[in-house]
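Because the structure is a prediction, the values reported are computed rather than measured.
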Amino acid sequence: MYDRIKNSNVVVIEDDKFAAASICYILETRAGCTVRHFADPREALAALMRDPADIIISDVRLPGMDGLEFIKRLRLTGIATPVVMSTSFATLDLAVQAVRVGASAFLQKPVSRSELLGELDRAMASSPASSRTRVLAVGAHPDDVEIGVGGTLAMHAAAGDQVTILTLSRGDIGGEPSLREVEARTAAELIGAELILGDLEDTKIEERGAAVELIERAVAAVEPDIVYTHSINDVHQDHRSTHHAVLVAARNVPSILCFQSPSATVGFRPTRFISVDAHIERKLELIAAHRSQADTRGYLDPDLIRSTARYWGRFAGSALAEPLEVERERQAKRVRNAA
């Protein structure tokens, strides 16, 4: 009974110390959960961005922001973790509001052990591990994807999605390959992404042959729901070739979205804008990890990165955003090949 909630990582947001103690006790002793308790929802939000949970239980009345506002801000970060709300002052209107902002369930306090574990277990059923998005970001050179979609990849990672970065070359024209490899691996580790590093010749990547084969192998290994890659509207020949190679190699992937690079042309026409308000600092850390480039390339200046994100943010209804051209987008099939 309650198999889904057993041994889960749970975050409890409750400013009543007695209610918090009761909930934590039930979760730890009856379900073997690892529980993190926060009285302040702002602290909980910051912690969840660093270390996601399997499920969240939150009071409605909280200091600083209420539970409904907490869910809204949580969803803006891209974190889709189920949230079960609880309150001593339940009304039909409040319950409807909670569901509208994304709550999975609504509990009336005091909550019994069976009711608490049952609702959490049912909420967990709505978010199985198999529903987590598999992401493949393909760049021609080290640092390409961090510049284009570093914030978006950080958002995916915070949501518990599987993130893989495929870099086709080691960027030997722009620096020392061995150093750039270390930098690329350091950046990937910052968001827990897997790095696949190819050895195609910098500035001579072709849109067929070896590039397509390398991307096809990555697609077969990752089985991505989404591929991020270069826009065709770019003056760099490697970026354009990578774009064409992805279209061939990822022909069966549900979604292909194309990012902007410093060499993009005025032909870049994004129609999707991803809010990265909560992830801009992580993006800057990813770019800074490529120290050999960040110290010498003006387009990697943190102020310019922020300003660019601020410009695109006005299209996303947020402070900061990353722009994407939609090459293809359709519903992903969740059926996976058996391992």
Check side chain to side chain contact (heavy atoms under 4.5 Å, CB included) between [X] and all other residues, then give those that pass, not counting sequence neighbours.
X: T186; answer: V182, A289
X: Q162; answer: R134, T164, V222
X: R306; answer: I280, E281, L284, R310

Considering residues at least two apart in sequence or located in another chain, which fulfil the salt bridge (Lys or Arg N to Asp or Glu O under 4.0 Å) criterion with [X]?
X: E189; answer: none
X: D59; answer: K109
X: D66; answer: none
X: E43; answer: none

With the side chain counted from C-beta on, respond yes when [X] and [Y] share a heavy-atom pair under 4.5 Å apart, and no when they do not.
X: F38; Y: L48; value: no
X: F70; Y: I56; value: yes
X: L116; Y: I57; value: yes

Shared-cluster residues of [X], by chain and number - hydrophobic side chains joined below 4.5 Å:
X: F18; value: none
X: V248; value: V212
X: W312; value: F268, F273, Y311, F315

Practice item. Give a yes or no on whether a salt bridge exists between D40 and R42, defined as a side-chain N under 4.0 angstrom from a carboxylate O. Key: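 A salt bridge links D40 with R42.
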Check your understanding: So, are D143 and R180 salt-bridged, with charged N and O less than 4.0 Å apart?
Key ->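 Yes.
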Looking at [X], I want to see if its [atom1] is surrounded by more than 12 non-hydrogen atoms of other residues, nucleotides or ligands under 6.0 Å.
X: R61; atom1: CZ; result: no
X: R291; atom1: CZ; result: no
X: Y299; atom1: OH; result: yes

Review point. How many angstroms lie between atom CD1 of I55 and atom SG of C33, to the nearest 0.5 angstrom?
Key: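 Spacing of CD1 (I55) from SG (C33) equals 9.0 Å.
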Check your understanding: In Å and rounded to the nearest 0.5 Å, what is the CG to CG distance from D144 to D238?
Key ->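 So the CG of D144 and the CG of D238 are separated by 8.5 Å.
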Exercise for review: Kindly state each residue pair satisfying side-chain hydrogen bond (donor to acceptor under 3.5 Å, both in side chains) with at least one member in residues 199-220, sequence neighbours excluded.
Suggested key: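 Counting only pairs at least two positions apart or across chains, the side-chain hydrogen bond (donor to acceptor under 3.5 Å, both in side chains) contacts touching residues 199-220 are H141-D202, E216-R251.
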Check your understanding: So which of H279, R272, K283 actually passes side-chain hydrogen bond (donor to acceptor under 3.5 Å, both in side chains) with E322?
Key ->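 Only one option passes, and that is K283.
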Exercise for review: Quickly, which of T229, I165, L324 forms a side-chain contact (heavy atoms from CB on, under 4.5 Å) with V149? Name it, please.
Suggested key: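 The single option meeting the side-chain contact (heavy atoms from CB on, under 4.5 Å) with V149 is L324.
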Practice item. State which residues pass side-chain hydrogen bond (donor to acceptor under 3.5 Å, both in side chains) with E176; sequence neighbours excluded, sorted by chain then number. Key: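 E176 satisfies side-chain hydrogen bond (donor to acceptor under 3.5 Å, both in side chains) with S178 once adjacent residues are dropped.
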Point to revise | Taking every non-hydrogen atom, the tightest pair across I196 and A218 | key: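 So the two residues come closest at CD1-CB, 4.0 Å.
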Check your understanding: Do you know which two heavy atoms are closest between G67 and S58, and how far apart they sit?
Key ->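 Minimum heavy-atom contact is CA-OG, 4.2 Å.
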Point to revise | D234 side chain to H239 side chain, donor-acceptor N/O pair below 3.5 angstrom | key: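 Per modelled atom types, D234 and H239 side chains form a pair under 3.5 Å.
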